[in-house]
Structures are given as structure tokens and as C-alpha cells.
Amino acid sequence: MRILLTNDDGVNAAGLKVLEKIAREFSDDIWVVAPTEEQSGAGHSLTLTFPVRLRKLGERRFCVTGTPTDSVMMAIAWIMKDDPPDLILSGVNRGANLGEDVTYSGTVSAAMEGALAGIPSVALSQAYAREGMGDTVPFAAAEAWADEVLRPLIAAPMAPRTLVNVNFPALLPTKVRGIRVTQQGLRDYGRLRIVQRTDTRGYDYFWFGLGPMIETPGHSTDLEAVADGYIAVTPLHLDLTHGPSLGRLAELYP
């Protein structure tokens with residue numbers, strides 16, 4: 001099995017090293033094509049207004065001066081075009097990608113690009129306990145549980161144009177309560193937190209952040225599963241059409 005690895009934290013990220021170790025439990029045919037620099041929050045963007053540069057770092061290891069989407073495109077349509085991957089794994093992201101995070105996440109978007117190409121794709125993210133952890137974020141839960149999560153996914157066929165979003169809780173492996181298949185959650189937009197600061201020249205700048213999570217009834221979403229100590233496994237699809245609205249809108253245009 002040929003596996004393509006990518007991420008949005010950059011080719012030198014600690015989580016990508018963890019993902020390489022995870023992937024080698026399934027295959028020796030591992031390829032890495034990832035952004036040269038961190039691209040967190042890049043979403044499903046691609047580079048159109050300036051050239052993308054490709055650099056070979058080693059045997060089956062490349063970096064791309066662009067987004068995670070650029071990286072997957074370069075891998076599928078250029079580097080591996082004669083023998084494409086059988087599976088794409090994106091991550092392991094430093095930080096969870098839950099709820100509406102999936103629309104911003106470069107990690108999830110890289111898996112989306114794989115799904116668009118018809119390749120089974122999985123995004124993996126590791127939650128962490130508090131802000132400001134930087135490179136000290138532990139990936140122990142992801143490393144210990146990834147095999148149990150991925151092996152059934154790899155063995156089972158995925159529906160066309162779908163991907164799976166996996167989030168590991170910020171816990172020691174022995175404290176993880178198990179695996180839950182969940183639906184995508186939705187945070188209250190009121191959680192958005194903007195922090196204003198001033199640089200040394202007197203100009204204001206801003207950081208975006210999020211406040212406390214809003215719970216939903218039944219604790220059935222990815223947000224609450226991870227908060228409750230479970231690994232959230234969430235199937236996502238790329239058809240954004242809202243079916244129930246089709247008939248209602250059609251009535252507006254007789």
C-alpha cells in the first residue's frame with residue numbers, strides 16, 4: 001500500500017514525525033509532501049497568484065512553498081502521477097480540528113483534496129490541554145491509539161467524495177475512554193475572541209482565539225466526545241448542498 005503523508009504544520013513539524021511512525025505500521029511505501037512552512041488556518045486554499053516551488057528533501061520526501069492543498073495537488077498530479085497513493089493521511093495536527101474548524105483547517109482540507117481525487121483520506125489531530133504549549137504539545141494519545149483507529153478505516157471502503165476526521169483527546173493514552181463515531185459539532189460564534197495588542201512602533205495588531213465550548217444535547221458531536229475523553233471519528237462529505245432547502249427554494253422560482 002502506497003501512503004501519502006501531508007499536514008498543515010509544515011514539513012518539520014513534530015506531528016508529521018509521529019504520523020510517519022504511525023504510517024509505517026501499515027506500509028514501507030511512505031511518501032511525504034508537505035508545506036515548507038506552517039499553514040495552519042489555510043483552509044482549502046490553493047496558490048494561484050505566484051509560483052509554487054518544490055524541493056526534494058530526501059528519498060520520497062518533498063516540501064512545497066504553498067498550502068496543504070497545493071502539497072496534495074503536487075503529490076498526486078506531479079510527483080506521484082504515474083503511481084498515485086492508495087491512502088492519504090494528513091496530520092498529526094498540533095491542536096484539535098473540531099466543529100466548524102474543519103472549514104478553516106489545512107489538515108482537514110488536505111484530506112478533502114485527496115477525497116476529491118478519489119483517494120481514501122483521513123485527517124488526524126491531537127488536542128492539547130492549554131494555550132501556549134508550543135512544541136511541548138504531547139502526541140502520546142495519537143501515537144498509542146492511531147493503529148486501533150486507522151486499521152478498520154483502511155480495511156473498509158469509503159463512500160465516494162468522503163473523508164474521515166479523527167481527533168484525539170488531550171489525555172494520557174491510558175486515560176482515553178475509547179472511540180466514538182460522531183457528527184460534526186457547531187460552536188456558538190459568540191466564542192470568537194479577538195485580542196488587541198500594540199507593536200513597538202505604536203500600531204495595533206490582533207490575535208484571533210476562541211472562548212469556552214458551548215455544549216449540545218446528548219453529547220453526540222465531535223466537540224463533546226473529545227471533551228469527554230473519547231477519540232472522535234467523524235465522517236465528512238464534500239457535497240455542501242442543503243437538501244431540505246431545495247424544494248423550498250424551488251417554490252420561490254416557479
Side-chain angles (χ1 to χ4, degrees), residues 1-8 15-32 68 72 75-76 84-99 101-102 105 107-127 138-185 218-239:
M1 178 170 56
R2 175 164 287 194
I3 304 177
L4 170 63
L5 308 184
T6 191
N7 70 354
D8 73 357
L16 184 57
K17 294 181 176 66
V18 171
L19 188 61
E20 288 186 64
K21 185 176 180 181
I22 291 167
R24 293 200 183 278
E25 294 294 320
F26 299 93
S27 175
D28 292 326
D29 193 0
I30 305 297
W31 294 68
V32 174
V72 175
I76 295 172
D86 303 299
L87 173 69
I88 296 176
L89 301 178
S90 181
V92 175
N93 191 66
R94 184 185 63 193
N97 280 303
L98 301 164
D101 290 347
V102 301
S105 168
T107 301
V108 176
S109 293
M112 286 181 181
E113 192 61 32
L116 284 170
I119 300 169
S121 300
V122 182
L124 302 102
S125 302
Q126 173 66 66
F139 290 88
E143 192 168 346
W145 281 83
D147 184 88
E148 188 168 344
V149 172
L150 288 175
R151 202 162 290 278
L153 291 178
I154 293 172
M158 289 189 188
R161 303 295 175 88
T162 67
L163 61 135
V164 176
N165 184 33
V166 177
N167 283 272
F168 299 92
L171 295 172
L172 293 171
T174 55
K175 298 293 185 182
V176 175
R177 299 175 66 184
I179 302 168
R180 276 187 180 172
V181 176
T182 64
Q183 63 186 26
Q184 178 190 346
H219 276 225
S220 61
T221 71
D222 53 1
L223 292 164
E224 291 139 335
V226 170
D228 291 343
Y230 291 89
I231 299 163
V233 176
T234 309
L236 303 175
H237 67 94
L238 303 180
D239 181 359

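Nothing fancy with the numbering, it's 1 onward along the sequence. These figures come from a predicted structure and were not determined experimentally.
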> Tell me the closest heavy-atom pair linking L238 and A115, and the distance in Å.
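Heavy atoms of L238 and A115 come nearest at CD1-CB, 4.0 Å.
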> Atom CZ of residue position R24 - does it have more than 12 heavy atoms of other residues, nucleotides or ligands inside 6.0 Å?
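Yes.
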> Please report the shortest heavy-atom distance between A123 and V108, naming the atom on each side.
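Taking every non-hydrogen atom into account, CB-CA, 3.9 Å.
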> T6 and S90: side-chain donor and acceptor closer than 3.5 Å?
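No pair is found: no donor N or O on one side chain lies under 3.5 Å from an acceptor on the other.
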> What I want to check is whether the side chains of D147 and W145 have a donor and an acceptor closer together than 3.5 Å.
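There is no such pair between these side chains.
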> Say whether, by atom type as modelled, one donor and one acceptor occur between the side chain of S27 and the main chain of R2 under 3.5 angstrom.
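A pair under 3.5 Å: no.
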> What's the separation between atom CZ in R161 and atom CE in M112, rounded to the nearest 0.5 Å?
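Going from CZ on R161 over to CE on M112, the span is 13.5 Å.
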> Whether the side chain of Q126 engages the backbone of P169 through a donor-acceptor N/O pair (distance < 3.5 Å, no angle test) should be reported.
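Such a contact is found between Q126 side chain and P169 backbone.
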> Say you draw a straight line from CD1 of I3 to CG of L89; how long is it, rounded to the nearest 0.5 Å?
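It is 5.5 Å, given to the nearest 0.5 Å.
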> Will you find, in the side chains of T107 and D8, an N or O donor that is under 3.5 Å from an N or O acceptor?
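Yes, a side-chain donor-acceptor pair sits under 3.5 Å.
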> Hey, could you give me the CE/CG distance between M1 and D28, rounded to the nearest 0.5 Å?
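Separation between the atoms: 10.5 Å.
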> Search all heavy atoms of I22 against all heavy atoms of A142 and return the closest pair with its distance.
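Of all heavy-atom pairs spanning I22 and A142, the closest is CD1-O, 3.9 Å.
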> Taking all heavy atoms of A111 and all of S121, pick out the closest pair and write down the distance.
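In this case the closest contact between A111 and S121 is O-CB, 3.3 Å.
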> Could you go step by step and tell me if D86 and I119 meet the side chain to side chain contact (heavy atoms under 4.5 Å, CB included) rule?
CA-CA 6 Å; D86 303 299; I119 300 169; over 6 Å; no
> From the options N165, N167, T182, select the one residue that forms a side chain to side chain donor-acceptor pair (under 3.5 Å) with T234.
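Looking at N165, N167, T182, the match for T234 under the side chain to side chain donor-acceptor pair (under 3.5 Å) is T182.
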> Is any side-chain heavy atom of L16 closer than 4.5 Å to a side-chain heavy atom of L5?
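L16 vs L5: side chains touch.
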> Please give me the minimum heavy-atom distance between I88 and G114, naming the atom from each residue.
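Shortest heavy-atom separation between I88 and G114 comes out as CD1-CA, 3.5 Å.
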> S105 and N97: side-chain donor and acceptor closer than 3.5 Å?
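Their side chains do contain a donor-acceptor pair, which is all the 3.5 Å distance test asks for.
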> Kindly check if the number of other-residue, nucleotide or ligand heavy atoms within 6.0 Å of NZ (K21) is above 12?
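No - once you tally the heavy atoms of other residues, nucleotides and ligands closer than 6.0 Å, there are 12 at most.
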> Any Lys/Arg nitrogen of D228 or R180 sitting under 4.0 Å from an Asp/Glu carboxylate oxygen of the other?
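Yes, this pair counts.
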> Please check: side-chain N/O of Q184 versus main-chain N/O of G99, any donor-acceptor pairing under 3.5 Å?
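Yes: the side chain of Q184 pairs with the backbone of G99.
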> Does F168 form a side chain to side chain contact (heavy atoms under 4.5 Å, CB included) with L124? I'd like the steps, not just the answer.
CA-CA 8 Å; F168 299 92; L124 302 102; 3.9 Å; yes
> For side chain to side chain contact (heavy atoms under 4.5 Å, CB included), just list the numbers for D222 and Q183, CA-CA rounded to whole Å, side-chain angles, deciding distance to a tenth of an Å, and then say yes or no.
CA-CA 6 Å; D222 53 1; Q183 63 186 26; over 6 Å; no
> What is the distance from atom CZ of R94 to atom CG of N7, rounded to the nearest 0.5 Å?
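One gets 10.5 Å once the value is rounded to the nearest 0.5 Å.
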> Starting at CD of E20, measure out to CD of E25 and round the result to the nearest 0.5 Å.
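One finds 13.5 Å between CD of E20 and CD of E25.
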> Decide side chain to side chain contact (heavy atoms under 4.5 Å, CB included) for L163 and V122; before the verdict, give the C-alpha distance in whole Å, the side-chain angles of both, and the deciding distance to 0.1 Å.
CA-CA 6 Å; L163 61 135; V122 182; over 6 Å; no
> Taking the side chain as C-beta and beyond, is there a heavy-atom pair between E224 and Y230 under 4.5 Å?
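No - every pair of side-chain heavy atoms lies 4.5 Å or more apart.
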> Check P235 against V181 and note the closest heavy-atom contact, atom names and distance.
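Closest pair (atom of P235, atom of V181, distance): CD-CG1, 4.4 Å.
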